[in-house]
Amino acid sequence: MKTKIAPSILAADFGRLAAEVEAVQEAGADWIHVDVMDGHFVPNLSIGPPVIEAIRQATKLPLDVHLMMTNPERYIGDFASAGADHILVHQETCPHLHAVLQDIRKHKARTGVVLNPATPCDTISEVLEEVDIVLLMSVNPGFGGQQFIESTLSKIAKLQKQRQDLGLDFEIEVDGGVKVGNAGRISEAGADVLVIGTGIFASKDYASTFAELRRITA
Ligand code: DX5
Ligand code: ZN
């Protein structure tokens, strides 16, 4: 299976959002990654359901919606109706994680759990059967353009082992600080999906950045 690439629109030009989404789709994006930040769980604020609805009009690609917010359980229906295909919640914000995942499935979206750099893989062992995507943060969430945390590579290996031991098939996604310079070794370490913000949107020519990413990833 080839490594999927999910451009993070956090780094796009918001004034031309539909055109930016169309441009990365044209360049070969597999998913569109959308970062929702509440100024509470993370220090930054970003966007909510109305903007996701607008992105939904601009593309048929799966919308991979990453909720960096407290009490995400209150908004699962809103994000699903706005057009989210994948709804990813942080382990750190969900004391009733199993129930939240069931609710996401009830709304016909794929389920995702996100782990901060400091949160061990073991904290989600009991719910992995309910999970379609595990997203490993490779920066502390809240901002684009940060440096990749190297210990994520061994965390990918731990998660792969858990997946194999349990006979499951969730996808392993990595988010933060991924770019042409390190995408090869992150994909080699076992990531199935790479989220890339500034590494794509700050590049001059999306098509040649994608060509380079495809060349260096498995
Ligand atoms: C960070 C977000 C990321 C961010 C990645 O909190 O979850 O998705 O947009 O941006 P880069 O690729 O610039 O690190
Ligand atoms: Zn993200």
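One-based numbering, in listed order, for ligands and for the atoms of each. The chain is numbered in sequence order, starting from 1. Note that the structure is predicted; figures quoted are calculated from it, not measured.
Taking the Zn ion (ligand 2) as reference, the nearest N/O/S atom within Asp175 carries the name OD2. Nearest N, O or S atom of Asp35 to the Zn ion (ligand 2): atom OD1. The Zn ion (ligand 2) sits nearest to atom ND1 when only the N, O or S atoms of His66 are considered.
Within ligand 1, counting atoms from 1 as listed, the ones closer than 4.0 Å to a heavy atom of Leu10 are 9 (O). Of all the atoms in ligand 1, the ones that sit under 4.0 Å from a non-hydrogen atom of His66 are 7 (O). The contact set between ligand 1 and Asp35, taken as ligand atoms under 4.0 Å from a residue heavy atom, comprises 2 (C), 3 (C), 4 (C), 7 (O), 8 (O), 9 (O). Here is the list of ligand 1 atoms found below 4.0 Å of a heavy atom in Val195: 8 (O). For ligand 1 and Ser8, the ligand atoms under 4.0 Å from any heavy atom of the residue are 4 (C), 8 (O), 9 (O). Within ligand 1, counting atoms from 1 as listed, the ones closer than 4.0 Å to a heavy atom of Gly144 are 10 (O), 13 (O). Under a 4.0 Å criterion applied to the non-hydrogen atoms of Met137, ligand 1 contributes the atoms 7 (O). Taking every non-hydrogen atom of Thr198 and a distance limit under 4.0 Å, the qualifying atoms of ligand 1 come out as 11 (P), 12 (O), 13 (O).
For the pair Asp103 (side chain) and His98 (backbone), a donor-acceptor distance under 3.5 Å is absent.
Ligand 1 lies nowhere less than 4.0 angstrom from a heavy atom belonging to Ala11. Ligand 1 has Gly145 within reach: a non-hydrogen atom of the residue lies less than 4.0 Å from it.
The hydrophobic clustering, which links ILVMFWY residues whose side-chain heavy atoms are closer than 4.5 Å, places Leu136 and Val195 apart. In the hydrophobic cluster analysis, where Ile, Leu, Val, Met, Phe, Trp and Tyr join through side-chain heavy atoms closer than 4.5 angstrom, Leu88 is grouped apart from Ile32.
In terms of protein heavy-atom proximity, atom 14 (O) of ligand 1 is nearest to Gly177 N, 2.8 Å. Among all non-hydrogen protein atoms, the one lying nearest atom 1 (C) of ligand 1 is Phe143 O, 3.5 Å.
Under 3.5 Å, the side chains of Asp132 and His86 contain no donor-acceptor pair of N or O atoms. One side chain, Tyr206 or Glu20, offers a donor N or O that lies under 3.5 Å from an acceptor on the other. In this structure, a donor-acceptor pair under 3.5 Å is present between the side chains of His33 and Asp35.
Polar contact check, Gly142 against ligand 1: a nitrogen or oxygen pair lies under 3.5 Å apart. Geometrically, ligand 1 and Gly197 share a nitrogen or oxygen pair separated by less than 3.5 Å.
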Apply side-chain hydrogen bond (donor to acceptor under 3.5 Å, both in side chains) to residues Thr3 and Ser187 and explain how you reach the verdict. CA-CA 7 Å; Thr3 307; Ser187 133; 3.3 Å; yes
CA sep, side-chain torsions, deciding dist, call: Ile47, Ile9, side-chain contact (heavy atoms from CB on, under 4.5 Å): CA-CA 11 Å; Ile47 58 157; Ile9 55 102; 4.3 Å; yes
Step-by-step side-chain contact (heavy atoms from CB on, under 4.5 Å) determination, Arg110 to Glu171: CA-CA 11 Å; Arg110 294 184 77 208; Glu171 293 182 280; 3.0 Å; yes
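With Ile55 as the fixed residue, the side-chain contact (heavy atoms from CB on, under 4.5 Å) test singles out one of Val65, Leu61, Val34: Val34.
Pro117 has its side chain out of reach of Thr152: every pair of non-hydrogen atoms, C-beta onward, lies at least 4.5 Å apart. Side-chain contact check for Ile124 versus Val134: some heavy-atom pair is nearer than 4.5 Å.
Residue Asp175 touches ligand 1 through its side chain alone, judged by heavy-atom distances below 4.0 Å. Contacts between Lys179 and ligand 1, counted as non-hydrogen atom pairs separated by less than 4.0 Å, are absent for every part of the residue.
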